[in-house]
Amino acid sequence: MGAKGVKQETEEQQDFVKEVTKMSDDFDRWYTDVVRKAELADWSGVRGMMVVRPYGWAMWEAIMRAFDDMIKESGHENWAFPLLIPREYLMKEAEHIEGFAPEVAWVTRAGGSMEELEEPLAVRPTSETIIGPLIKRYIQSHRDLPKLTNQWNSVVRWEMRSRLFLRSREFWWQEGHTFHASADEAMQEADLILGYYRSIAEDWLAVPVLTGRKSPAETFPGAVHTLTVEGLMRDGLALQMGTSHYFGQNFARAYDISFSNRENARELCYSTSWGISTRLVGALVMAHGDDSGLIMPPKIAPIQVVIVPIFRDDESRTKVERFIDTWSPNLRAAGIRHRVDWRDERPGDKYAHWELKGVPIRLNVGGRDADAGQVEMVDRLARQKVGVPISGIGKRLAHELDAFQKKLFDRALNYQSDNTYQLETLDQVVAHFRERGGFVWTQWCGEGEEEARIKTDAGGVTIRTIDEETKVSGRCFVCGRPAKSRVALAKAY
RNA sequence: CGGGGAGUAGCGCAGCCCGGUAGCGCACUUGACUGGGGGUCAAGUGGUCGCGGGUUCAAAUCCCGCCUCCCCGACCA
C-alpha cells in the first residue's frame, strides 16, 4: 500500500529515508521497521525467539566490552554456570520461585525416544538458584570473600507477548552474582554496579537516566531491595535499562551459603545480583532514532565514519581510491572505526543506507574533493555538508565524534527535561498520562495499596523509581497522608 | 493466556467467495547508458501457495487440526 501513500511526502530535505514508517504515525511500527531494516535483528520462526544480526550484535559487543572492563577493574571474574537448573534448586527460595514460576520453560524429555526425565530441568530464567548451590563449595572462610562472579549468557523467559530486543523469550545479558561477609559491603556492591549502569547508559549509550530504588511491587523476587536505571524513550515511555539487587541473606539462607568468620563462627553470606541485557540495543534505537532510522552514539557505533566514494568510471574511481588511500590510514591511527563503501550502488542509496544504520559521520569523497584536498563531511544529527581539509583529518574526526557523542546526550537530556513534570495529586497524574508520557515526580506514602491504585486508576502508570537522596515534606499524591518518599512515575515498557 | 486479523518469490500484495495446476510491484541477476541525495532501458532468475490430514478426477481456493506473525487487553529484564 506504500507506493501511493509515500507520494504525499512533504518536499523537506529531511525526508531522506523513505522505507521507514514515520515515528509520529506509529511509533511501534517505526521501531520494528528500524530494527529490521537497519539489520539489527529478526524473529526466527519459533515464537519469541530472536536472531540478532551482526550489526545489532556489534552494538551489544560494544556494551559488553565497556561493562566487562568496568567489572574486571573492580575485581569481578567471569564464570560459566549451567543452562539447566534442577527443579529442587529452583524451588528453594520461595519468593523467587513465586515470581518466576509463570515464565519458566522446562525440559521434561530427552534422548532419541524422548524419554520423560525423572526430574524436570528448568531452563534458567536467571541463575541465582543454580549459582547459589554451586558457589557454596568455593566459600569456606571469610578469606574466600567477597566472591565476585559474573557471566555473559542468555536466559529464557516464557513471555506471552514479544518485541524485538525489548521482550523476547530468549535474551542475552550479563548476570553478576556476588557474595559478601557483611551487609554493608553487599549493599555497596549493589550501589557500585548501579553507578556502572548509569555510566553505560549515559557515557556510552548517551541516554540520560534516573536512578533509584524500586517500589515493593517492582522489587526483584527474593531481593531486599532493587536499584534501577530508567531511561525515557522518544514515545514518552520509560524503559528499565538495568537493575542491581541486594539480597541480604535471603538466598544464602535458602542454599546455606555460609562462611567461618574471624571468630570462627558460622555466618550466612550477604549477596547481590545485577544485570543489563540486549534490551539496551532497543533502548538505543528508541532513545535516539528519528524518521530516517537509527542515530548511533559514536562509542557504541559499529561503524563511526563511513566513506562514500563518488566516481563515474574506472579512471575516476582510481583517482578517488588513491586519494582515500592517502589519508584513511590516519583514521585507523586515530582509532576510528570506519569503512569505505565500495558497493556498486548509487551515492544516494548509500547515503540513505548509512543514515538508516545511524552512522554518526559520513564522508562523501569525489574527484572534486580529491582535487581540492578535502572531503565533504555530513553528520547524522545536523546533516549539513561541510568541507573538511584532509590534513589532520584523523584528529579532526576524533574530535567530531566526541562532540557528536556529547550532542546526542544533550539532545536526549533536553528531551528528558522537557518531558519531566512535578504533580501533586492522583487526579493530576491521571489527567497528565491521558494526554502525554514522560516522567512525573511526586511524593508517596509508601503503602502498597496506594501503589496498586495508581496502576489501575492511571492506566498502567507505575512507580519507576524512588529517589532516596531527596527529603520530602508534602503529602502522598494518592491518599493525602504525609509522604515518605519522592517517586518518579511513568508508563513503561 | 483471552479477543480480533493474517500467512501465496527476499519484501509488499492480488488470486480464494464461485476448485481446473500461480500472478503483480519492488528487490535480485546480466548488459548498456549513468553516477555529488535514492536514475533509465532491455533481457532474465526465483514459489513444497505456513505445516499436517481430509473431501474431490482435480485444492492456493472447500473442511479439520496445528504452527507462526501482527493489533488490542491481563503478566513481565
Side-chain angles (χ1 to χ4, degrees), chain A residues 1-6 9 11-19 26 28-29 32-33 36-37 39 42-49 98-104 124-126 154-175 197 214 217-218 220-221 226 228-230 239-245 273-283 292 308-314 316-317 320 343-356 362-370 372 375-376 378 383 385 387 455-456 459-460 462 492-493:
Chain A
M1 39 182 64
K4 294 275 155 48
V6 168
E9 67 208 28
E11 49 289 292
E12 317 271 322
Q13 72 275 42
Q14 292 295 304
D15 204 10
F16 288 140
V17 172
K18 295 173 189 152
E19 50 212 276
D26 184 338
D28 293 349
R29 206 171 288 272
T32 306
D33 281 356
R36 302 185 78 144
K37 297 202 163 138
E39 304 179 319
D42 261 315
W43 291 120
S44 67
V46 179
R47 187 200 206 97
M49 293 288 180
E98 196 189 320
F100 276 102
E103 42 190 285
V104 174
R124 62 183 170 215
T126 174
S154 71
V155 290
V156 169
R157 298 184 186 175
W158 216 245
E159 303 289 350
M160 288 310 156
R161 198 169 171 181
S162 32
R163 296 195 66 191
L164 288 164
F165 290 115
L166 302 179
R167 180 159 301 103
S168 48
R169 283 182 169 174
E170 179 183 24
F171 59 89
W172 290 265
W173 74 345
Q174 58 67 220
E175 44 175 323
Y197 286 167
K214 280 295 191 190
E218 302 262 331
F220 183 84
T226 289
T228 184
V229 172
E230 303 276 329
L239 181 73
Q240 182 172 308
M241 292 175 63
T243 48
S244 180
H245 317 289
S273 84
W274 25 274
I276 48 174
S277 72
T278 41
R279 170 178 258 199
L280 292 182
V281 176
S292 296
V308 177
I310 295 156
F311 55 90
R312 68 184 70 218
D313 49 28
D314 281 356
S316 55
R317 180 189 159 123
V320 169
R343 289 175 309 145
D344 186 19
E345 302 283 348
R346 304 173 69 79
D349 289 303
K350 296 182 183 178
Y351 299 168
H353 177 79
W354 296 112
E355 277 167 13
L356 175 57
R362 185 179 76 237
L363 304 178
N364 305 333
V365 184
R368 295 207 294 266
D369 299 298
V375 298
E376 186 177 85
V378 187
R383 300 214 256 198
K385 295 173 177 173
K455 207 166 174 178
T456 47
T462 50
Y493 278 93

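Chain letters run A, B, ... following the sequence lines, proteins first, then strands; residues in each count from 1.
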Regarding A:Gly242, tell me which of base, sugar-phosphate or nothing describes its non-hydrogen contacts under 4.0 Å with the strands shown. nothing
Pairing residues for A:Tyr197 by the ring-ring contact (aromatic ring centres under 6.0 Å, His included) criterion, not counting sequence neighbours: A:Phe67
Between B:A74, B:A77, B:C28, which nucleotide gets closest to the side-chain atoms of A:Glu159? B:A77
Base, sugar-phosphate, or nothing: which does A:Pro347 touch, judged by heavy atoms less than 4.0 Å apart? sugar-phosphate
Under 4.0 angstrom, heavy atoms only, what part of the nucleic acid is A:Thr243 near: base, sugar-phosphate, or nothing? nothing
Would you indicate what A:Ile276 reaches in the nucleic acid, counting non-hydrogen atoms under 4.0 angstrom: base, sugar-phosphate, or nothing? nothing
Starting at OH of A:Tyr197 and ending at P of B:A77, how long is that distance when rounded to a whole Å? 14 Å
For A:Phe311 and B:G36, what is the distance between atoms CZ and C1' respectively, to the nearest whole Å? 13 Å
Pick the nucleotide of RNA chain B nearest each of A:Arg279 and A:Lys385; which residue has the one closer to the 5' end? A:Lys385
Does B:G46 have a Watson-Crick or wobble partner in any strand here, with both distances under 3.5 angstrom, and which is it? none
Closest approach to the side chain of A:Ile310, judged atom by atom: which nucleotide of B:C28, B:A77, B:G36 is it? B:G36
Which nucleotide wins on minimum distance to the side chain of A:Phe171, given the candidates B:A77, B:G36, B:G39? B:A77
Grab the N/O contacts between the protein and nucleotides 65-72 of chain B below 3.5 Å, and write none if there aren't any.
| residue | atom | partner | partner atom | Å |
| --- | --- | --- | --- | --- |
| B:C69 | OP1 | A:Gly48 | N | 3.1 |
| B:C70 | OP1 | A:Trp43 | NE1 | 3.1 |
| B:C72 | OP2 | A:Arg161 | NH2 | 2.7 |

A:Tyr493 atom OH is separated from B:A74 atom P, nearest whole Å, by 16 Å
For A:Met49, side chain to side chain contact (heavy atoms under 4.5 Å, CB included) partners two or more places apart: A:Ser44, A:Val46, A:Trp158, A:Arg169, A:Glu170
Kindly write out the residues that satisfy side chain to side chain contact (heavy atoms under 4.5 Å, CB included) with A:Ala372, not counting sequence neighbours, or none if the list is empty. A:Gln374
Nearest whole Å is fine: how far is B:C11 C1' from A:Lys37 NZ? 8 Å
Between the base of B:G39 and the side chain of A:Glu345, is there a donor-acceptor distance below 3.5 Å? no
ring-ring contact (aromatic ring centres under 6.0 Å, His included) partners of A:Tyr493, counting only residues at least two apart: none
Regarding B:G35, can its base be found pairing with the side chain of A:Arg346 as donor and acceptor, where the two atoms are less than 3.5 Å apart? no
Using a distance-only criterion (donor-acceptor N/O pair, under 3.5 Å, no hydrogens), is the base of B:G37 paired with the side chain of A:Arg362? yes
Side chain of A:Asn364 only, heavy atoms from C-beta on: which candidate in B:A77, B:G36, B:G39 is closest? B:G36
Excluding sequence neighbours, so at least two apart, what forms side chain to side chain contact (heavy atoms under 4.5 Å, CB included) with A:Arg161? none
